[in-house]
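To start, the structure itself, in C-alpha coordinates.
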Amino acid sequence: MKVKDSMKPLPRSFFNRDTLTVAKELLGKILVHQTRYGDIAAKIVEVEAYKGSDDPASHAFRKKTPRNQLMFGKAGFAYIYFVYGNHHCLNVTTEKEGFAGAVLIRAVEILEGLEIAKRNRVTKPNINLSNGPGKLTKALGISNAQNGIDLTKRNKLFISIPLKVERFNTTIAGRIGVKQGADKLWRFYIENNEFVSKM
DNA sequence: ACAGCGATTGACT
DNA sequence: GTCAATCGCTGTA
(Lines give C-alpha, C1' and ligand atoms only; values in the text may rest on other atoms or scores of the structure.)
Protein backbone atom coordinates (compact mmCIF):
# COMPACT_ATOMS: atom_id res chain seq x y z
CA MET A 1 0.00 0.00 0.00
CA LYS A 2 1.06 3.52 -0.63
CA VAL A 3 2.24 5.64 2.24
CA LYS A 4 0.37 8.64 0.96
CA ASP A 5 -3.09 7.10 1.36
CA SER A 6 -2.81 6.72 5.13
CA MET A 7 -1.57 10.27 5.69
CA LYS A 8 -3.69 13.27 6.65
CA PRO A 9 -2.39 16.76 5.77
CA LEU A 10 -2.16 19.36 8.53
CA PRO A 11 -4.77 22.13 8.07
CA ARG A 12 -3.95 25.69 7.05
CA SER A 13 -4.84 26.86 10.57
CA PHE A 14 -1.84 24.94 11.92
CA PHE A 15 0.58 27.06 9.87
CA ASN A 16 -1.36 30.33 10.13
CA ARG A 17 0.12 31.15 13.55
CA ASP A 18 3.24 32.58 15.14
CA THR A 19 6.33 31.21 13.39
CA LEU A 20 8.04 30.06 16.60
CA THR A 21 4.95 28.11 17.68
CA VAL A 22 4.64 26.44 14.29
CA ALA A 23 8.35 25.58 14.28
CA LYS A 24 8.18 23.85 17.67
CA GLU A 25 5.02 21.94 16.79
CA LEU A 26 6.36 20.80 13.42
CA LEU A 27 8.73 18.45 15.23
CA GLY A 28 7.46 14.90 14.93
CA LYS A 29 5.20 15.70 11.96
CA ILE A 30 5.55 13.71 8.74
CA LEU A 31 6.87 15.11 5.47
CA VAL A 32 5.49 13.12 2.53
CA HIS A 33 6.77 13.25 -1.05
CA GLN A 34 5.24 11.19 -3.82
CA THR A 35 7.97 10.68 -6.42
CA ARG A 36 7.90 8.85 -9.73
CA TYR A 37 9.73 5.98 -8.05
CA GLY A 38 7.46 5.73 -5.01
CA ASP A 39 6.45 7.52 -1.84
CA ILE A 40 8.88 8.78 0.75
CA ALA A 41 7.76 9.61 4.30
CA ALA A 42 10.05 11.30 6.80
CA LYS A 43 9.67 12.55 10.37
CA ILE A 44 10.73 16.15 10.95
CA VAL A 45 13.34 16.18 13.73
CA GLU A 46 14.99 19.62 13.42
CA VAL A 47 13.69 23.05 12.35
CA GLU A 48 14.58 26.75 12.44
CA ALA A 49 12.27 29.77 12.50
CA TYR A 50 12.72 32.85 10.30
CA LYS A 51 10.65 36.01 10.62
CA GLY A 52 10.87 39.08 8.46
CA SER A 53 10.07 41.96 10.74
CA ASP A 54 12.76 41.74 13.39
CA ASP A 55 15.09 39.04 12.09
CA PRO A 56 18.21 40.14 10.14
CA ALA A 57 18.92 36.52 9.16
CA SER A 58 15.62 36.19 7.31
CA HIS A 59 15.40 36.47 3.54
CA ALA A 60 12.40 38.73 4.10
CA PHE A 61 14.18 41.13 6.46
CA ARG A 62 14.75 43.90 3.91
CA LYS A 63 11.77 43.79 1.59
CA LYS A 64 9.59 41.67 -0.62
CA THR A 65 11.48 40.34 -3.66
CA PRO A 66 10.73 37.78 -6.40
CA ARG A 67 12.49 35.05 -4.38
CA ASN A 68 11.04 35.66 -0.93
CA GLN A 69 7.48 36.63 -1.91
CA LEU A 70 6.17 33.25 -0.75
CA MET A 71 7.18 34.18 2.81
CA PHE A 72 4.75 37.10 2.61
CA GLY A 73 1.94 34.98 1.20
CA LYS A 74 -0.46 32.54 2.80
CA ALA A 75 0.75 29.99 5.36
CA GLY A 76 1.25 26.32 4.57
CA PHE A 77 3.11 26.59 1.27
CA ALA A 78 6.54 25.25 0.32
CA TYR A 79 9.24 27.92 0.02
CA ILE A 80 12.28 26.35 -1.61
CA TYR A 81 15.44 28.25 -2.52
CA PHE A 82 18.79 27.40 -4.05
CA VAL A 83 21.85 28.39 -2.03
CA TYR A 84 25.66 28.23 -2.30
CA GLY A 85 25.27 27.18 -5.93
CA ASN A 86 24.77 23.63 -4.71
CA HIS A 87 21.89 23.05 -2.37
CA HIS A 88 18.15 23.42 -2.03
CA CYS A 89 16.50 24.28 1.28
CA LEU A 90 12.89 23.47 2.14
CA ASN A 91 10.77 25.87 4.20
CA VAL A 92 7.11 26.03 5.14
CA THR A 93 5.48 29.44 5.09
CA THR A 94 3.80 30.67 8.27
CA GLU A 95 1.83 33.62 9.65
CA LYS A 96 -1.09 35.49 8.14
CA GLU A 97 -0.92 36.79 4.60
CA GLY A 98 1.22 39.93 4.40
CA PHE A 99 3.38 38.99 7.41
CA ALA A 100 6.63 37.28 6.42
CA GLY A 101 7.51 34.02 8.15
CA ALA A 102 8.84 30.56 7.38
CA VAL A 103 10.20 27.46 9.08
CA LEU A 104 13.31 25.83 7.63
CA ILE A 105 13.27 22.03 7.77
CA ARG A 106 16.84 21.20 8.81
CA ALA A 107 16.72 17.44 9.34
CA VAL A 108 14.38 14.48 8.95
CA GLU A 109 14.32 10.79 9.86
CA ILE A 110 13.22 8.74 6.87
CA LEU A 111 10.50 6.25 7.78
CA GLU A 112 9.34 4.94 4.39
CA GLY A 113 11.02 4.88 1.00
CA LEU A 114 14.52 4.56 2.40
CA GLU A 115 15.86 2.79 -0.69
CA ILE A 116 14.55 5.55 -2.95
CA ALA A 117 16.14 8.16 -0.72
CA LYS A 118 19.48 6.38 -0.78
CA ARG A 119 19.38 6.28 -4.56
CA ASN A 120 18.64 10.00 -4.70
CA ARG A 121 21.84 10.67 -2.76
CA VAL A 122 24.91 9.67 -4.70
CA THR A 123 27.37 9.85 -1.82
CA LYS A 124 28.64 6.62 -0.33
CA PRO A 125 27.94 6.75 3.41
CA ASN A 126 24.23 6.58 4.11
CA ILE A 127 24.68 7.47 7.76
CA ASN A 128 24.34 11.15 6.96
CA LEU A 129 21.44 10.63 4.60
CA SER A 130 19.13 13.42 5.74
CA ASN A 131 20.71 15.26 8.69
CA GLY A 132 20.99 18.67 7.07
CA PRO A 133 18.81 21.03 5.00
CA GLY A 134 20.66 20.41 1.73
CA LYS A 135 20.92 16.69 2.35
CA LEU A 136 17.26 16.04 3.05
CA THR A 137 16.04 17.85 -0.05
CA LYS A 138 18.44 15.73 -2.12
CA ALA A 139 17.33 12.53 -0.38
CA LEU A 140 13.63 13.29 -0.86
CA GLY A 141 14.08 14.50 -4.42
CA ILE A 142 12.98 18.06 -3.64
CA SER A 143 14.10 20.97 -5.85
CA ASN A 144 12.75 24.19 -7.35
CA ALA A 145 10.08 22.13 -9.11
CA GLN A 146 8.24 21.84 -5.79
CA ASN A 147 8.49 25.55 -4.92
CA GLY A 148 5.10 27.03 -4.05
CA ILE A 149 3.26 23.72 -3.54
CA ASP A 150 0.36 23.86 -1.08
CA LEU A 151 1.47 21.55 1.75
CA THR A 152 -2.01 21.39 3.30
CA LYS A 153 -3.50 19.49 0.37
CA ARG A 154 -2.87 15.95 -0.83
CA ASN A 155 -0.34 17.13 -3.36
CA LYS A 156 2.87 15.38 -4.40
CA LEU A 157 4.43 17.06 -1.41
CA PHE A 158 2.65 17.73 1.88
CA ILE A 159 3.02 17.58 5.66
CA SER A 160 0.95 15.07 7.60
CA ILE A 161 -0.24 14.42 11.10
CA PRO A 162 1.79 11.46 12.47
CA LEU A 163 0.04 8.08 12.55
CA LYS A 164 1.41 7.31 15.99
CA VAL A 165 1.81 9.95 18.66
CA GLU A 166 5.27 9.85 20.17
CA ARG A 167 6.51 11.60 23.25
CA PHE A 168 9.83 13.42 23.05
CA ASN A 169 11.68 16.31 24.62
CA THR A 170 12.35 19.41 22.55
CA THR A 171 15.70 21.17 22.76
CA ILE A 172 16.01 24.90 22.01
CA ALA A 173 19.24 26.18 20.43
CA GLY A 174 20.81 28.91 18.34
CA ARG A 175 20.44 28.81 14.57
CA ILE A 176 23.22 27.43 12.42
CA GLY A 177 24.98 29.06 9.49
CA VAL A 178 23.63 32.58 10.00
CA LYS A 179 25.91 35.57 10.52
CA GLN A 180 23.24 38.01 11.64
CA GLY A 181 20.65 37.21 14.26
CA ALA A 182 22.80 34.39 15.62
CA ASP A 183 21.75 35.35 19.13
CA LYS A 184 18.16 34.25 18.57
CA LEU A 185 17.42 30.79 19.96
CA TRP A 186 15.10 29.86 17.13
CA ARG A 187 16.27 26.32 16.37
CA PHE A 188 14.32 23.40 17.77
CA TYR A 189 15.10 19.71 17.61
CA ILE A 190 14.05 16.38 19.09
CA GLU A 191 16.32 15.49 21.97
CA ASN A 192 18.59 12.49 21.41
CA ASN A 193 17.47 11.94 17.83
CA GLU A 194 20.43 10.69 15.81
CA PHE A 195 19.30 12.46 12.63
CA VAL A 196 19.64 15.98 14.05
CA SER A 197 22.34 17.89 12.12
CA LYS A 198 24.19 19.24 15.14
CA MET A 199 23.43 18.43 18.74
C1' DA B 1 24.84 45.75 -15.69
C1' DC B 2 27.62 43.51 -12.38
C1' DA B 3 30.34 42.23 -8.17
C1' DG B 4 29.65 39.96 -3.93
C1' DC B 5 27.91 36.43 -1.34
C1' DG B 6 24.91 32.87 1.02
C1' DA B 7 19.51 29.58 6.23
C1' DT B 8 25.74 24.11 2.96
C1' DT B 9 28.27 20.12 1.98
C1' DG B 10 32.07 17.07 1.17
C1' DA B 11 36.83 16.51 0.44
C1' DC B 12 41.20 17.32 1.96
C1' DT B 13 45.33 18.78 5.42
C1' DG C 1 40.30 22.23 11.22
C1' DT C 2 40.22 24.53 6.62
C1' DC C 3 38.49 25.40 2.09
C1' DA C 4 36.67 25.05 -2.70
C1' DA C 5 32.50 24.27 -5.41
C1' DT C 6 29.02 26.88 -7.90
C1' DC C 7 25.00 29.98 -9.34
C1' DG C 8 20.96 32.74 -8.71
C1' DC C 9 19.54 36.55 -5.94
C1' DT C 10 20.42 41.14 -4.23
C1' DG C 11 22.09 45.72 -3.61
C1' DT C 12 24.42 49.30 -5.74
C1' DA C 13 25.37 51.96 -9.92
Side-chain angles (χ1 to χ4, degrees), chain A residues 15 18-27 29 31 42 44-73 75-95 99-110 117-149 151 157 159 170-190 194-199:
Chain A
F15 300 102
D18 175 73
T19 306
L20 295 181
T21 305
V22 177
K24 268 179 277 194
E25 295 189 16
L26 267 177
L27 293 176
K29 300 299 188 291
L31 181 63
I44 297 170
V45 302
E46 182 182 358
V47 297
E48 278 177 8
Y50 287 88
K51 282 210 284 188
S53 55
D54 55 348
D55 179 8
S58 170
H59 285 171
F61 179 59
R62 292 172 181 277
K63 61 174 186 176
K64 196 168 169 180
T65 66
R67 177 175 68 157
N68 68 25
Q69 59 174 328
L70 277 158
M71 289 183 71
F72 291 86
F77 286 81
Y79 167 45
I80 298 163
Y81 62 87
F82 189 59
V83 72
Y84 293 122
N86 288 306
H87 309 287
H88 295 278
C89 290
L90 170 65
N91 300 251
V92 192
T93 60
T94 58
E95 310 271 359
F99 191 101
V103 176
L104 169 69
I105 313 293
R106 280 197 61 87
V108 299
E109 174 181 348
I110 294 173
K118 282 180 181 173
R119 217 171 55 223
N120 285 340
R121 294 222 38 201
V122 280
T123 49
K124 307 118 197 176
N126 289 317
I127 308 288
N128 303 317
L129 190 64
S130 58
N131 62 337
K135 297 179 195 176
L136 76 91
T137 52
K138 196 83 197 296
L140 298 203
I142 293 168
S143 66
N144 282 341
Q146 284 76 33
N147 194 31
I149 286 184
L151 299 172
L157 184 68
I159 297 178
T170 300
T171 303
I172 302 172
R175 292 178 297 184
I176 292 174
V178 297
K179 291 198 168 71
Q180 315 234 326
D183 55 314
K184 287 180 164 51
L185 299 178
W186 285 2
R187 183 166 68 103
F188 307 95
Y189 61 86
I190 295 180
E194 63 175 311
F195 294 90
V196 169
S197 67
K198 287 180 187 173
M199 308 294 275

For the side chain of [X], counting heavy atoms from C-beta on, which of [options] is nearest?
X	options	answer
A:Lys179	B:dT8, C:dT10, B:dG6	B:dG6
A:Lys135	B:dG10, C:dT10, B:dA7	B:dG10
A:Tyr50	C:dG11, B:dT9, B:dA7	B:dA7
A:Val83	C:dG11, C:dT10, B:dG6	B:dG6
A:Arg62	C:dT10, B:dA7, C:dA5	C:dT10

Does A:Arg106 have a side-chain nitrogen or oxygen under 4.0 Å from the phosphate oxygens OP1 or OP2 of B:dT8?
yes
Under 4.0 Å between a side-chain N/O of A:Lys138 and OP1 or OP2 of B:dT8, yes or no?
no
Distance-only donor-acceptor test, A:Tyr84 side-chain atoms vs C:dA5 base atoms, 3.5 Å
no
More 5' along DNA chain C: A:Asn86 or A:Asn144, using each one's nearest nucleotide?
A:Asn86
Which base sits across from B:dG4 as a Watson-Crick or G-U pair, both distances under 3.5 Å?
C:dC9
Please state whether the rings of A:Tyr79 and A:His59 are parallel, tilted or perpendicular, taking 30° and 60° as the class boundaries.
perpendicular
Looking only at atom P, what distance separates C:dT6 and B:dC2, rounded to whole Å?
23 Å
